[in-house]
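First the structure, in the form of structure tokens, and then the observations on it.
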Amino acid sequence: MCGIVGYIGAQDGQSVLLSGLKRLEYRGYDSSGIALILSRKKTIGVRKIPGKISALEKLIQAKPLSGNVGIAHTRWATHGAPNQANAHPHLDCRGQISVVHNGIIENYEILKNQLSKEGHLFRSQTDTEVIVHLIEKFYKNVPLEEAVAAALKLLVGSFAIGVISVLEPNKLVGARRGSPLIIGVGRGENFLASDVPAVLGFTKEVVFLDENELVVLDQEHFKISTLDGKTVFKAITHISWDIDQAQKGGFTHFMLKEINEQPRILESLINSRIQKKSGKIFFQEQNIQETVLKEIKNIFIVACGTAYHAGLVGKYVLESFCQLPTQIDVSSEFRYRDLLLSPETLVIAISQSGETADTLAGVREAKRHGCQVLAICNVLGSTLTRESDGVIYTHAGPEIGVASTKAYTAQLAALYLFTFYLAQIKGVLFSARINKLLSELCKIPQYQIQILKQQQKIATLARKHSHLGSFLYLGRNVNYPSALEGALKLKEISYIPAEGYAAGEMKHGPIALIDEYRAVVCIVPASKVYDKMVSNIQEIRSRKGKIIAVATAGDAEIRELTREVIYVPSTEEVFSPLLVALPLQLMAYHIAVKRGCDVDQPRNLAKSVTVE
């Protein structure tokens, strides 16, 4: 959840660390801080403050630091309120060691009590502070990295840490277990970070640390080892996208930029997966053999949040086109179930970041049952992609807005492509039918562009309804997940209570909510359940509900039922979630803006949920 940056080099460390923090603020933003080994005094200077990174910038402008080696942190609070004492970095008793941490230490209370009895003074309510005091305890006549390794072996839970010490001022140490950490490899300088965007302004060469690995960096070199001291050699990965893709590009918010990027991303994703001459689907990183996929008897999808909604669409299409029983569960439930899995089960794990803690735990549980695991992920080199048997990268570029938009539709596109690929392998769908479906899928980016041309109209409609106290979203069949996702987007960024329901369930409870003080968003494109949706709308209308419909262009019947209609182009029913997603995203965005909400950084949320 939290964001970590570390730097060692010749540049002004304060500027480098602040630059990295700004690009990680989506990971947490209730407090932040930096620690630098001061060039002249050979002491650690710390500046930290509750609030967003802009507050830290003002603090540093008033009280600057000077040094070339340091660590920084932007926090999503777990243990302890977001205040100055609990903000990272944390210091040991003598002020000689400083630590930043992402994760949760589950046995911190036991360790804290033990360390307190030994005379260590704690200044915060965080679990993190036990780490720096443990390092202090072991940091006697040994190098810093050995003290860090000894401390980490006592921890139960997850961590990614950055450590500096005035006793070894030309050294930066990092380590990880259960939380992401990368190395940025520069010339005469090196970096640590939770995610790639933090270092992109300085280098495109990165190394991804694996579980229980530790790295020691100086200006020219880095050395990776296990916590037991065994040297590990790892390849350097070149990042193809640049920092411009992590900027707003003239848009008011990252979320609005990312909504508008979807046609281009989908076009690139689809075209890169279909061979032009043969029309066949291929996946460069999908390393599960076709012979293995051919023998798959059932599928289980695991994901969280928006990725879960994408997976729910995947369930519909996989069962429809591949004739395979497909289950789906939120990862936090999947990992604790008595699972009926076998080597003939394919587990599809979906995660934008590839670092979602519950999804990773679910994948590890599936592997213990002998399942093949396919990851659908956006982040190159993430933990999920390294632990899965096969990967389909969505290549959506950095998604900075906390509420997912472009990652969602990219996940949908990846699921459609894999479905047709698997149907082709298993011989359950004629080539002519697959080719027709792919032809229509290739048109979706242009259809999305048509929807984006209606942005002003959607904004007007959104502002008109922004005062309402709650929303109900209804959809059927493949657009039931669209209702769930539309409701999630609205409550994430506008804080308006919103529920998504299968429309057939309306009479089993939700109809009691309908009155003139709330809006009901009905997702009603042309489909085999269209008449059923119209019946639902009639029922809402008779109870004076305010109806907003998302319907297929040319549908005059809907216009007779409500004046508030957003039209989307006509397409195959199965692909309609790729279209209705955009007006639902735009409506949530403009309602939130009208209400004065922080769209890109909603309260209490973080982009990557790396703790349970």
In terms of heavy-atom contacts, Gln601 and Val402 come closest through CA-CG2, 4.4 Å

Atom NZ of Lys315: over 12 foreign heavy atoms under 6.0 Å = yes

When you measure from the side chain of Ser439 to the backbone of Lys436, do you find a donor-acceptor pair of N or O atoms at a distance under 3.5 Å?
no

Salt-bridge test for Glu387 and Arg364: reply yes if a basic N is under 4.0 Å from a carboxylate O, no otherwise.
yes

**Study point:** From CA spacing to verdict: side chain to side chain contact (heavy atoms under 4.5 Å, CB included), Thr385, Leu380
**Key:** CA-CA 7 Å; Thr385 65; Leu380 182 73; over 6 Å; no

Taken to the nearest 0.5 Å, the spacing of Lys457 NZ from Leu586 CG works out to 13.0 Å

Requested in this report: Check for a donor-acceptor pair, side chain of Ser388 on one end and backbone N or O of Leu384 on the other, with a separation under 3.5 Å.
Outcome: yes

Closest non-hydrogen atoms of Ile547 and Thr562, given as atom of the first, atom of the second and distance, are O-OG1, 2.8 Å

request  = Before accepting this row, confirm whether a basic side-chain N of the pair Lys489/Glu492 lies closer than 4.0 Å to the acidic partner's carboxylate O.
outcome  = yes

- Does atom CD of Gln284 have more than 12 heavy-atom neighbours, drawn from other residues, nucleotides or ligands, at distances under 6.0 Å? no

Evaluate Tyr501 against Tyr473 for ring pair (Phe, Tyr, Trp, His ring centres under 6.0 Å), listing each step before the verdict.
CA-CA 6 Å; Tyr501 265 90; Tyr473 287 72; over 10 Å; no

Q.
For the NZ atom on Lys294, are there more than 12 heavy atoms of other groups (residues, nucleotides or ligands in this structure) within a distance under 6.0 Å?
A. no

| request: Would you check if there is a donor-acceptor pair between the side chains of Asn102 and Arg75 at a distance under 3.5 Å? | output: no

Is the count of non-hydrogen atoms from other residues, nucleotides or ligands lying under 6.0 Å from Phe251 atom CZ greater than 12? yes

Worksheet item: Are side-chain heavy atoms of Phe575 and Leu437 found at a separation under 4.5 Å?
Response: yes

**Message:** Within the structure provided, determine whether Thr356 and Ser331 are in side-chain contact (heavy-atom separation under 4.5 Å).
**Reply:** no

| request: Would you check if there is a donor-acceptor pair between the side chains of Ser576 and Asn479 at a distance under 3.5 Å? | output: yes

*With a 4.5 Å limit on heavy-atom distance, are the side chains of Cys304 and Asp358 in contact?*
yes

Checklist entry - Is the side chain of Asp600 donor-acceptor paired with the backbone N or O of Phe254 at a distance under 3.5 Å, no angle test? => result yes

Under a 3.5 Å distance rule, please check whether Asn271 uses its side chain to pair with a backbone N or O of Glu267 as donor and acceptor. yes

| task | Report the C-alpha distance between Thr383 and Glu355 in whole Å, list the side-chain angles of each, state the deciding distance to 0.1 Å, and finish with yes or no for side chain to side chain donor-acceptor pair (under 3.5 Å). | result | CA-CA 6 Å; Thr383 304; Glu355 304 293 348; 2.7 Å; yes

Heavy-atom closest pair (Ser351 atom, Gln411 atom, distance to 0.1 Å) is C-NE2, 4.0 Å

Taking the six-membered ring for Trp and the single ring otherwise, decide whether the centroids of Tyr421 and Phe283 are under 6.0 Å apart. yes

The side-chain hydrogen bond (donor to acceptor under 3.5 Å, both in side chains) partners of Glu333 (sequence neighbours excluded) come to none

Check whether any side-chain heavy atom of Leu318 sits under 4.5 Å from a side-chain heavy atom of Ile348, and report yes or no. yes

Tightest non-hydrogen contact, residues Thr409 and Ala581, listed as CG2-CB, 4.0 Å

- Would you confirm whether Arg595, through its side chain, and Ser466, through its main-chain N or O, come within 3.5 Å as a donor-acceptor pair? yes

Rounded to the nearest 0.5 Å, the OH atom of Tyr416 sits from the CD atom of Glu440 at a distance of 11.5 Å

Does the side chain of Lys546 come within less than 4.5 Å of Leu468's, by heavy atoms?
yes

Report task. Take atom NZ of Lys464 as the centre, draw a 6.0 Å sphere, and report whether it contains more than 12 heavy atoms from other residues, nucleotides or ligands. Result -> no

Can you find a heavy atom in the side chain of Ile523 that is under 4.5 Å from one in the side chain of Leu584? yes

Q | Pair Arg543 + Glu539: basic N to acidic O under 4.0 Å | A | no

Worked verdict on Leu324 versus Lys297 for side chain to side chain contact (heavy atoms under 4.5 Å, CB included): CA-CA 7 Å; Leu324 283 172; Lys297 296 294 190 294; 5.6 Å; no

Are more than 12 heavy atoms from other residues, nucleotides or ligands located less than 6.0 Å from atom NZ of Lys594? no

From the list Val373, Ile299, Asp389, side chain to side chain contact (heavy atoms under 4.5 Å, CB included) partner of Val347 resolves to Val373

**Prompt:** Do Arg603's NZ or CZ and the ring of Tyr495 fall within the cation-pi criteria of under 6.0 Å and 45°?
**Reply:** yes

Pair Asn298, Thr345: side-chain N/O donor-acceptor within cut-off below 3.5 Å: yes

> Thinking salt bridges, do Glu572 and Arg433 make one under a 4.0 Å N-O criterion?
Replying inline: yes

In terms of heavy-atom contacts, Ala551 and Val565 come closest through CB-CG1, 4.1 Å

What's the verdict on side chain to side chain contact (heavy atoms under 4.5 Å, CB included) for Tyr447 and Ile444, showing C-alpha distance, side-chain angles and the deciding distance? CA-CA 5 Å; Tyr447 296 158; Ile444 295 296; 3.9 Å; yes

Step-by-step side chain to side chain contact (heavy atoms under 4.5 Å, CB included) determination, Met587 to Val521 = CA-CA 10 Å; Met587 192 163 66; Val521 181; 3.6 Å; yes

Above 12 or not: heavy atoms from other molecules or residues under 6.0 Å from NZ of Lys532? no

In plain terms, say whether Glu399 and Lys406 are close enough for a salt bridge, that is, a side-chain N and a carboxylate O under 4.0 Å apart. no

Exercise. Is there a donor-acceptor pair under 3.5 Å between the side chain of Thr552 and the backbone N or O of Asp555?
Worked result: no

Here the pair of heavy atoms bringing Met533 nearest to Cys522 is CE-CB, 4.1 Å

task = Look at the side chain of Thr419 and the backbone N and O of Leu415, then say whether any donor-acceptor pair between them is shorter than 3.5 Å.
result = yes

Heavy-atom donor-acceptor pair, Arg559 side chain to Arg563 backbone, under 3.5 Å:
yes

What do you reckon, are the aromatic ring centroids of His253 and Tyr589 less than 6.0 Å apart?
-> yes

### Side-chain donor/acceptor of Gln446 to backbone N/O of Gln448, under 3.5 Å
no

| Phe334-Phe300 aromatic ring centre distance below 6.0 Å | yes

The reported gap from CD1 in Ile514 to CG in Leu474 (rounded to nearest 0.5 angstrom) is 6.5 Å

So Tyr393 and His395, would you call those rings parallel, tilted or perpendicular, with 30° and 60° as cut-offs? tilted

Taken to the nearest 0.5 Å, the spacing of Leu490 CG from Glu499 CD works out to 12.0 Å

- Query: With a 4.5 Å limit on heavy-atom distance, are the side chains of Arg463 and Val593 in contact?
  - Reply: no

dist Gln585:CD -> Ile458:CD1 (nearest 0.5 Å) comes out at 10.5 Å

Inset, instruction - Answer yes or no: is there a side-chain heavy-atom contact under 4.5 Å between Leu256 and Val599? - result: no

